[in-house]
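Okay, structure first, notes after.
Indexing begins at 1, ligand by ligand and atom by atom, following the structure's order.
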Amino acid sequence: MKTGSLLILPGDGIGPEVMDEVCRIIDWFESKRDIQFDKSFDLVGGAAFDQYKTPLSDDTLAKANEVDAILLGAVGGPKYDKLDFSLKPERGLLKLRKELDLYSNLRPAQCFDALSEYSSLKSEIVSGLDIMIVRELSSGSYFGEPRGIKNKENGERYAINTTYYSENEIRRVARSAFEIAAKRTGKVCSMEKANVMEVGVLWREVVQDIRDKEFPQIELTHMYADAGAMQLVRWPKQFDVIVTDNLFGDLLSDCAAMLTGSLGMLPSASLGNKNANGKLKAMYEPVHGSAPDISGKGLANPIACILSFSMALRYTFDCKREADILDKSVEKVLRNGIRTADLLQKKNKKPASTSEVCDEIIRELELAN
Ligand code: IPM
Ligand code: MG
């Protein structure tokens with residue numbers, strides 16, 4: 001019997017809807033496979049603010065520190081736009097990433113064959129695409145000090161954010177990218193702006209140094225991040241693993257997401273150092289946001305969140321076979337033409353609802369079991 005603890009934080013907007021479906025998938029695994037989770041639920045983001053007046057309570061953070069993995073839906077919404085910056089839903093998510101020191105964010109962008117027609121790019125550019133963006137997640141412009149909106153002596157305001165990276169912060173995410181690449185095709189492209197930013201100069205030097213000393217078998221290239229964005233839409237299949245900083249990784253992963261047909265398809269894993277059980281600290285979440293415009297309507301695509309759970313099975317719970325059958329079931333459902341609205345081109349076809357997609361995935365799981 002495999003087992004482990006799971007903290008489920010559905011969050012805001014479509015987060016709770018897609019997480020409900022993930023819970024049905026979890027129930028299926030618990031009833032049909034030799035696996036059991038110690039599950040707990042809590043609030044994050046706007047939902048936590050409504051209840052506790054903070055986007056992440058100390059109690060929730062303490063729980064997050066103890067579990068083997070966190071599953072998070074999404075945070076944010078227009079209702080919270082006027083809140084002070086420190087209370088915004090996004091601060092809850094960022095605090096989890098920072099406090100748990102989740103420095104390596106894996107964002108796989110895979111184009112399922114059934115969806116190669118759905119990308120905004122030509123199908124030959126994206127079909128068979130399988131890249132992994134490794135985004136540094138706990139430092140850089142998101143957390144650097146000093147930061148803030150301040151006043152000059154003449155009363156004019158100015159704003160400041162700092163892009164900070166220590167050698168160690170670069171080293172550890174580089175190692176993570178090289179380890180992942182070693183299990184794939186062995187190719188890594190590192191992206192920064194070494195032509196403009198000192199951070200980029202140090203980033204390039206340290207990444208190269210780790211490759212030379214510890215991973216000589218890896219083929220490492222470097223690219224300026226702006227050129228990288230261009231190459232991602234020009235010929236994405238030239239890449240296997242891309243390693244980049246927090247801010248560039250945020251932009252490049254949205255860009256890569258669209259190559260796969262929809263932002264509603266992309267899962268992610270955020271990993272840190274080992275916890276007391278010898279497992280890497282981990283949080284799994286879809287790359288998409290809370291999508292307030294469609295929330296509550298049964299339109300949301302649950303696949304990114306379901307695939308995030310699959311990544312949890314693979315990376316935290318050591319359930320490779322379960323992850324494989326889940327991934328295959330998702331693929332089969334897409335092949336059968338079951339699509340939520342974000343994946344429909346012909347508007348005359350009725351989209352499947354969030355729960356119908358999950359019904360179909362469970363049906364495929366039954367068949368595969
Ligand atoms: C992401 C999101 C977050 C980020 C937001 C919600 C804070 O865009 O995970 O990519 O900027 O990192
Ligand atoms: Mg983003």
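Within the structure, the closest approach of Arg107 to ligand 1 falls below 4.0 Å when heavy atoms are considered. In this structure, Glu285 does not count as a contact residue of ligand 1, since none of its heavy atoms falls inside 4.0 Å of the ligand.
Nearest heavy-atom pair, Ala74 versus His288, reported as atom, atom and distance to 0.1 Å: CB-O, 4.4 Å.
Excluding waters, the set of protein N, O or S atoms lying under 2.8 Å from the Mg ion (ligand 2) comprises Asp250 OD1.
Contacts between Arg97 and ligand 1 below 4.0 angstrom, taking non-hydrogen atoms only, involve the side chain exclusively.
A donor-acceptor pair under 3.5 Å is absent between the side-chain atoms of Ser290 and the main chain of Ile14, judged by distance alone.
Tyr80 and Glu90 are not linked by any side-chain donor-acceptor pair at a separation below 3.5 angstrom, with hydrogens and angles left out of the test. Side-chain polar atoms of Ser57 and Asp59 form no donor-acceptor pair below 3.5 angstrom.
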Pair Tyr142, Asp245 - check side-chain hydrogen bond (donor to acceptor under 3.5 Å, both in side chains), show working. CA-CA 10 Å; Tyr142 274 57; Asp245 81 2; over 6 Å; no

Stepwise side chain to side chain contact (heavy atoms under 4.5 Å, CB included) check, Val188 with Asp240: CA-CA 6 Å; Val188 175; Asp240 183 26; over 6 Å; no

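Of the candidates Leu94, Leu247, Asp250, Leu93, the one placing a heavy atom closest to atom 10 (O) of ligand 1 is Asp250.
For ligand 1, the polar-atom distance check finds no N/O of Glu90 at less than 3.5 Å from any of the ligand's N/O atoms.
Distance from atom 11 (O) of ligand 1 to its nearest protein heavy atom, with residue and atom name: Tyr142 OH, 2.6 Å.
Atoms of ligand 1 found under 4.0 Å from any heavy atom of Arg135 (numbered from 1 in listed order, with element): 1 (C), 4 (C), 9 (O), 10 (O), 12 (O).
With respect to Met19, the side chain to side chain contact (heavy atoms under 4.5 Å, CB included) criterion is satisfied by exactly one of Cys305, Pro302, Ser308, Pro286: Cys305. For the salt bridge (Lys or Arg N to Asp or Glu O under 4.0 Å) test with Glu364, the passing option among Lys328, Arg335, Lys332 is Lys332; the others fail.
The side chain to side chain contact (heavy atoms under 4.5 Å, CB included) test applied to Asn154 returns Lys152, Glu156, not counting sequence neighbours.
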